[in-house]
Every structure is written in C-alpha cells, then in structure tokens.
J.: 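If you scroll down you'll find the structure; I have some questions about it.
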Amino acid sequence: MPKQKWKPGNMLYPLPAVLVSCGDKNGKLNMMTAAWTGTICSDPAMVYVSIRKSRYSHHMICETGEYCINLTTQDLARATDFAGVRSGKDMDKFKELHLTPVFGTLKYAPMIDESPVCIECKVEKIMELGSHDMFMARVEAVYADEKYMDENGRFDLEKAKPLVYSHGQYYATGKRLGKFGYSVQKKKSRPR
C-alpha cells in the first residue's frame, strides 16, 4: 500500500492529555496541559514532561524542582483544554476551573483532587532540547481515587475514561481489548 512521505515530525500518537500542576516558592499555584509526557524508567520509577521555556509553569518547576502529573478524564476535558490555552500569569486556573489543589508529599506542587491519578514528581535532570525542555523526574508518590478501583483493587481505566491527545484533538479511551500476553496465553480446555 502506498504511503505519503511527510517532513520529520512527532507522529507518536495518541498521547495522554494530562494536567501538570506546580507552584512557586511564594505560594502561587498553576496548572498547564501537556501531552509531551511519559515513562522513562520503572526502577526507579521515573517520568518526564517537556515544556516550552515560554510557558508560565516552566519557571515554577525550575525554581522548586517539583511537579505533579494529573491524569484527565472525559469529565475534565473542558478544564484540560482551558488550562492549555490560558496562562497562569493572567489568572488563578484552579479558581477559574473550580478544581481543588491538595498537597501530598511535595512542598510546592499540589495535586488536582478531581484527577483520578496524581503522580508526584521531583526533578532529577533538565535537558534543554530545542523547542522544549525535558524535566526528568523521580516519582515520589502516586495517588489513585478509590472510586476507579475494580473488585481486585486495580485501577480501572474503563471507569476513569482518560483523555488522549492526537493532532490537536482530544479523544476518550475505549474499552479493554486484552491483557499483556493474551496473544500467547494458552486457552483453558473445556470440560467434555
């Protein structure tokens, strides 16, 4: 099948649409929308978020070395978009969006209480990469809302309905199709 050749670009889609919350040493809080985020390592648990230098949150994270990655849901879709197109220089986004900042183990970066999963992060390294700086961080703690747990105590994505981002569009996630290794799992024999 023929394929079109495009200029080099980021075609690794979809990505999680998250809210990154942070604060400065004077107590000012902010949040921003990010899709350039992900896992770096599982042991130790490390993640990253890439942020433009011009973003208001950039200086806060540089100053404190803390941020929180908050997963978003269909119910948080409007807030997720708004937090990405408005600047915290001009307003208190928590108040504007009626979202609740709560503190866990971090001193400056709050979690968003309405988020189903909040990942508290301490910056280990900042890499200047061009349009964005990558804030590589160690995960300090993870908080998960109990209402999204299944009967086995696992986080249920189908209940949470997290948002993903692709080419300027937000999408809700779908249903579970299988579990890791299902393609090679032996089928149980049926009784005769």
Side-chain angles (χ1 to χ4, degrees), residues 13-38 47-123 132 135 137 139-150 154-175:
Y13 287 112
L15 299 164
V18 302
L19 288 168
V20 176
S21 52
C22 56
D24 66 19
K25 291 188 176 180
N26 296 320
K28 174 97 176 180
L29 303 179
N30 194 42
M31 72 178 85
M32 59 166 276
T33 306
W36 305 147
T37 186
V47 294
Y48 77 92
V49 63
S50 293
I51 303 173
R52 289 183 185 273
K53 282 184 169 78
S54 62
R55 296 296 295 261
Y56 186 61
S57 296
H58 187 281
H59 87 275
M60 292 178 159
I61 297 171
C62 285
E63 180 181 306
T64 65
E66 297 180 355
Y67 62 88
C68 187
I69 296 173
N70 304 274
L71 299 189
T72 59
T73 64
Q74 287 182 36
D75 292 341
L76 291 170
R78 183 186 174 283
T80 302
D81 183 62
F82 187 94
V85 296
R86 296 288 189 240
S87 176
K89 288 180 209 173
D90 306 322
M91 70 180 65
D92 180 334
K93 292 184 195 177
F94 280 96
K95 284 183 183 174
E96 184 72 29
L97 295 169
H98 308 287
L99 296 177
T100 312
V102 293
F103 285 87
T105 61
L106 300 179
K107 184 174 181 179
Y108 301 106
M111 297 176 280
I112 298 172
D113 197 36
E114 293 78 7
S115 171
V117 174
C118 306
I119 305 166
E120 291 188 313
C121 306
K122 281 211 173 178
V123 176
H132 291 67
F135 293 87
V139 174
E140 294 294 308
V142 178
Y143 295 84
D145 193 323
E146 290 181 359
K147 74 180 179 183
Y148 298 110
M149 299 300 171
D150 68 13
R154 289 182 299 211
F155 186 74
D156 187 339
L157 282 175
E158 288 184 70
K159 285 182 186 176
K161 300 176 185 167
L163 291 182
V164 294
Y165 176 85
S166 182
H167 295 289
Q169 308 292 319
Y170 301 102
Y171 296 91
T173 54
K175 65 180 181 177

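When a residue number appears, it is its place in the shown sequence, counting from 1. Computed from heavy atoms alone, side chains included, the values below leave out hydrogens, waters and symmetry copies.
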J.: For Thr100, what residues pass the side-chain hydrogen bond (donor to acceptor under 3.5 Å, both in side chains) criterion, not counting sequence neighbours?
T.: Glu114
J.: What is the minimum heavy-atom distance between Ile119 and Cys121, and which atoms define it?
T.: O-SG, 3.4 Å
J.: To the nearest 0.5 Å, how far apart are CG in Leu99 and CG in Leu76?
T.: 6.5 Å
J.: Quick one: do Thr33 and Asp81 satisfy side chain to side chain contact (heavy atoms under 4.5 Å, CB included)? Show the steps, please.
T.: CA-CA 7 Å; Thr33 306; Asp81 183 62; over 6 Å; no
J.: Asn26 side chain to Lys28 main-chain N or O, any donor-acceptor pair under 3.5 Å?
T.: no
J.: With Glu158, which residues qualify under salt bridge (Lys or Arg N to Asp or Glu O under 4.0 Å), at least two apart?
T.: none
J.: To the nearest 0.5 Å, how far apart are SG in Cys68 and CD1 in Ile61?
T.: 10.5 Å
J.: Supply the atom-to-atom distance Tyr143 OH to Ser115 OG, rounded to the nearest 0.5 angstrom.
T.: 13.0 Å
J.: Which is it for Val20 and Thr37 under the side chain to side chain contact (heavy atoms under 4.5 Å, CB included) test, yes or no, and what are the steps along the way?
T.: CA-CA 10 Å; Val20 176; Thr37 186; 5.9 Å; no
J.: Apply side-chain contact (heavy atoms from CB on, under 4.5 Å) to His167 and list each qualifying residue two or more places apart in sequence or on a separate chain.
T.: Met11, Tyr13
J.: At their closest point, which heavy atom of Ala109 faces which heavy atom of Phe103, and how far apart are they?
T.: C-CE2, 3.8 Å
J.: Counting N and O atoms only, with roles assigned by atom type, does the side chain of Thr173 sit under 3.5 Å from a partner on the main chain of Lys161, one being a donor and the other an acceptor?
T.: no
J.: Give me the atom names and distance for the closest heavy-atom approach of Pro110 to Cys22.
T.: CD-O, 3.7 Å
J.: Looking at Lys93 and Arg86, would you say the former's side chain and the latter's main chain have a donor-acceptor pair under 3.5 Å?
T.: yes
J.: Check whether Glu63 reaches the backbone of Lys25 with its side chain - one donor and one acceptor, N or O, closer than 3.5 Å.
T.: yes
J.: What heavy-atom pair brings Asp150 and Lys159 nearest, and what distance separates the two atoms?
T.: CA-NZ, 4.0 Å
J.: So, for Pro116 and Leu71, which heavy atoms are closest and what is the spacing to 0.1 Å?
T.: CD-O, 3.3 Å
J.: Just to verify, what does Arg52 make a side-chain contact (heavy atoms from CB on, under 4.5 Å) with, not counting sequence neighbours?
T.: Ser54, Arg55, Ser131, His132
J.: If you look at every heavy atom in Leu97 and Phe82, which pair is closest and at what distance?
T.: CD2-CD2, 3.6 Å
J.: Rounded to the nearest 0.5 Å, what's the gap from CG on Asn30 to CG on Asp92? Could you check?
T.: 8.5 Å
J.: Applying side-chain hydrogen bond (donor to acceptor under 3.5 Å, both in side chains) as the test, list every pair that has at least one member in residues 65-80; sequence neighbours left out.
T.: Ser21-Asn70
J.: Give, for atom NE2 of His98 and atom CD of Glu96, the distance between the pair rounded to the nearest 0.5 Å.
T.: 7.0 Å
J.: Can Glu120 and Thr105 be counted as having a side-chain donor-acceptor contact under 3.5 angstrom?
T.: yes
J.: Can you tell me how far the NZ atom of Lys122 sits from the OG1 atom of Thr64, to the nearest 0.5 Å?
T.: 9.5 Å
J.: With sequence neighbours left out, what residues match Met149 under side-chain contact (heavy atoms from CB on, under 4.5 Å)?
T.: Ala144, Phe155
